[in-house]
Amino acid sequence: MREAYYPQEIEKKWQKIWDDTKAFKTYDDSEKPKYYALSMWPYPSGKLHMGHVRNYTITDVIARFKKANGFNVLHPIGWDSFGLPAENAAMQNKADPAAWTDENIAYMTKQMKMLGLSYDWDREITACKPDYYKWTQWLFLQFYKKGLAYKKEAAVNWCEECATVLANEQVIDGKCWRCENLVEKKYLSQWFLKITDYAEALLEDLDKLTGWGDNVKTMQANWIGKSHGAVLKFKTAEQDIEIPVYTTRPDTAFGITYLVVAPEYKDIELLTTDENKAAVEEYRANARKMTEIERLSTERTKTGVPLGTHAVNPFTGEKFPLWTADYALAEYGTGAVMAVPAHDTRDYEFAIKYNLPIKEVIAPSSLQPCGRSEAYAEPGIMVNSGKFNGMPNEDAKKAITEAAVNGGFGEFKTQYRLRDWLISRQRYWGAPIPIVYCEKCGIVPEENLPVLLPEDVNFETTGVSPVLTSKTFINTVCPCCGGPAKRETDTMDTFVCSSWYYLRFADPKNSEKPFDREIVNKWLPVDQYVGGIEHAILHLLYSRFFTKALRDMGLLDFDEPFANLLTQGMVLKDGSKMSKSKGNTVDPDEIFENYGADTARLFILSDSPPARDFDWSDAGVEGCYKFLNRVWKLIASNADKINLSTALPPGSLAKENDDLVRMVHMTIKGVTNDIACGFQFNTVISKYRELTNAVYDRRNAKTDLNEEDKAVLGFAIVSLIKLMAPVVPHLCEEVWRELGGGGSIHDQKWPEYDENLAKTSSITLVVQINGKIKDKIDVDEALTEEELKQIALNSPKIKEQTAGMEAVKIIVVPKKLVNIVVK
RNA sequence: GCCCUGAUGGCGGAAUCGGUAGACGCGUUGGACUUAAAAUCCAAUUGCUUUCAGGAGCAGUGCCAGUUCAAGUCUGGCUCAGGGCACCA
């Protein structure tokens, strides 16, 4: 074995061999239990960044660990390759988005192979290839047939920069998720998926996801936004028009002093008097012009105008005025709000500004009656509420709603904040929506799939989709009547493609259907999913929705796609996120070139637990490189002494009591537990270092080795490289073969430990006085409690410090400590 | 405003059940090797006080209380930081 460690040479050699021999190919037919490890598939943006390196390394180590532990592991990769960057690149470089994408995929594939990732490349899938998007389109049609895909005219989020609409989930703080441009409202006819049908299931099943972090689950629960309340129906005094209102505070119904409808409310024109018409129209026109962010800003003082008409409170018969104000949202509840300024901060602010009456109906307690200079939103006792007076307001919520139900003017209602998923995009580089518009037949699904993207398009258009420039795509014949018809020119949101890709990996080559039900049932759910927290709502919610909908269509038999989710932290440099604009990026290629992939893998896992942010430091990389050199040298300089045939398994070593043998058992136990319980790779790596240090100490201490010493050394070294193999696959493979190991180290079984040997031979007894540590004594672990007590009491230090004092109580924790309580 | 997560040396972070706080590494300092440097190896490294140079003592895990023989760990109340949601009635 050569003395010096040449990672680049070793890595290149093994990567080629693994590739040529398809070392990580997964077969469906195996006796072993299945394990599906998956990283979120990347967008082929050009080059891997360190976030990718971290993500894929984590999943790769898990996959290799599970394989060594006897699982049939599925560890695939693919490309989320539809999306705007390819189209933007096409506009700038006059390149074909397909060619640009292919180039990027080729480069990133090369980088992934350089990182030594154990993917089954035969299962690679690519969202923008017709053999994949054909099935995205097919699934869309299944949603359409089930009434889960529909077209409607609605106020939608429009990004001028990207020249397309966006889903609610893609609007972050009123800005576009991709380009951070301010989002505007537009009224357009668009395709939606009916995710709201699954609001309750998506919320309820969060409890089943015991392998997900609470942070992600609460984010989803907040996004779904379930609330319990009532719909109360009001009639107008002037025209007898019904205005239903959703409220979570029916207990405050006696305190209503006005009613607000959203500027987009459907009956608003009927509700406006002629005198008020001009002012209302002007207000509505202004509201339309405002961007989402302006309108939703809580900083902004509330505005509104009266409609001139009135509604009647069915509980009291009181008349109160109708207003329109943009703090009422058309898309939530019924689009109308009953205003109780005494008990709602927003209504209070509005009432003060426009001098509307404030009527208190809940007092903090019977001792502390009303009279406040702000809205009182806390629980209390009902007042000014007729027969409900004196009741705790929480009870009155139910009682008043029941009264409304009995009176025929109300009902209990559960409301969700979640809205339907807008999937139309006025862009080229996406899966075309397979729909045809026929003058005779109306909306007709196109069953002849795939509907291919046209190639005769001009990307130098502004403001409209390049698809519209095609001369061949738009005009077609109706699949129903054969008459002239036009194709839908919108494409699907890329998140549709990524909502089912994890299913396709189970059956990637199927040309008859998106996936075979049996095969998918066998491999899914994904046992371990790894990716960034930024998808906590978007991709993870959509995928859960897809899985549930596909189950209801009978295409599969499970209802959650990802059993365990690990959201990895960001990779930082100098305390902030790596970004090109800050100039603090680290190029993976440079790290591979200078140190090799094994060092990169080791370092990215070594310093922080996977869920936490990771601060990149050049010194840390150096440290990992030095460690690998140390391991290499340790083995190279002892290669002649290590004989794999004498590197015996546990139980067969004569020197079982040897401290180094015990250390090896402890390390196997520790590493195994640290990976199995929460993937704590940082402590796993510290255990590699401890064992390495211990082997060095042993070798330094003894130069004249007998056969037994060699066996111990061999056992320690072989165990070390087996434990390190998932993290540092190239070095360990090379060393394994150099030492004469048969086959690949990555086909070896995970080392086992003996529980009796996985601890030190003696223990340190801690002696405390009143809970403060006063002495530490090495003792045999077999001693009884009474013996430990005597040893503690006989310690000279303890005698000295307890002289003249009385021991009130002595607590003995077996094998650990003695605490003497004195007065 | 509501929700989630976190706070431990100069730094990243360890510490199964409440039972030796600071594993492992980075950095720093000192030393060995070298003509020299790099590399490598060895040692020290929470703070303060004290010392006869072997050590000894005290304090210490964001803050304030509490439970306990014993609290980084459990309970209550805060502070700060990061993230999510937000005129959602």
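Naming: A, B, ... by sequence-line order, numbering from 1 per chain.
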[atom1] of [X] versus [atom2] of [N]: gap in Å, rounded?
X	N	atom1	atom2	result
Glu3(A)	rA39(B)	CD	P	19 Å
Phe681(A)	rC24(B)	CZ	C1'	17 Å
Arg249(A)	rA89(B)	CZ	P	11 Å
Trp616(A)	rG12(B)	CH2	P	18 Å
Ile172(A)	rG83(B)	CD1	P	13 Å
Leu572(A)	rG13(B)	CG	C1'	15 Å
Lys626(A)	rA38(B)	NZ	C1'	11 Å
Ile763(A)	rG19(B)	CD1	P	16 Å

Look at the side chain of [X] and decide which nucleotide, out of [options], has an atom nearest to it.
X	options	value
Asn819(A)	rG19(B), rA89(B), rC3(B)	rG19(B)
Val821(A)	rC87(B), rC69(B), rG25(B)	rC69(B)
Pro609(A)	rA89(B), rG19(B), rG13(B)	rG13(B)
Tyr327(A)	rC87(B), rA89(B), rA23(B)	rC87(B)
Asn682(A)	rA14(B), rC87(B), rU20(B)	rA14(B)
Val337(A)	rC4(B), rA89(B), rG84(B)	rA89(B)
Arg689(A)	rU5(B), rC24(B), rA59(B)	rC24(B)
Arg630(A)	rU20(B), rC41(B), rA89(B)	rC41(B)
Tyr246(A)	rG84(B), rA89(B), rU20(B)	rA89(B)
Ile537(A)	rG12(B), rG19(B), rC85(B)	rC85(B)

Give a yes/no answer on whether the side chain of [X] brings an N or O atom under 4.0 Å of OP1 or OP2 in [N].
X	N	result
Lys809(A)	rC69(B)	yes
Gln220(A)	rC3(B)	no
Arg612(A)	rU5(B)	no
Lys816(A)	rG18(B)	no
Tyr332(A)	rA89(B)	yes
Asn693(A)	rG25(B)	yes
Arg417(A)	rA86(B)	yes
Ser617(A)	rC26(B)	no
Lys797(A)	rA56(B)	yes

Task: Ionic contact status for Glu349(A) with Lys302(A), cut-off 4.0 Å - done: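 The answer is yes: the pair qualifies as a salt bridge.
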
Could you give the distance separating [M] and [N] at their [atom1] atoms, to the nearest angstrom?
N	M	atom1	value
rG62(B)	rG13(B)	P	14 Å
rU45(B)	rA38(B)	C1'	24 Å
rC64(B)	rC11(B)	C1'	29 Å

Name the nucleic acid region contacted by [X], choosing base, sugar-phosphate or nothing; use a 4.0 angstrom heavy-atom cut-off, strictly under.
X	value
Ile811(A)	base
Glu169(A)	nothing
Lys226(A)	nothing
Glu622(A)	nothing

Open item on the list: Testing the 3.5 Å rule here: is there a donor-acceptor pair between the side chains of Gln220(A) and Trp212(A)?
Closed with: no

Task: Trace of the side chain to side chain donor-acceptor pair (under 3.5 Å) decision for Tyr595(A) with Gln8(A) - done: CA-CA 8 Å; Tyr595(A) 303 99; Gln8(A) 295 81 357; over 6 Å; no

Task: RNA chain B: 5'-proximal contact among Gly225(A) and Phe614(A) (nearest heavy atom) - done: Phe614(A)

Task: NZ on Lys359(A) to OG1 on Thr257(A), rounded to 0.5 Å - done: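 Between atom OG1 of Thr257(A) and atom NZ of Lys359(A) there are 9.5 Å.
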
- [ ] Report yes if a donor N or O on one partner sits less than 3.5 Å from an acceptor N or O on the other, where the partners are the side chain of Asn215(A) and the base of rC4(B); otherwise report no.
- [x] no

TODO: Assess Arg417(A) against Tyr332(A): is NZ or CZ under 6.0 Å from the centre of the six-membered ring, and within 45 degrees of the ring's axis?
DONE: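 Not satisfied by the 6.0 Å and 45° rule.
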
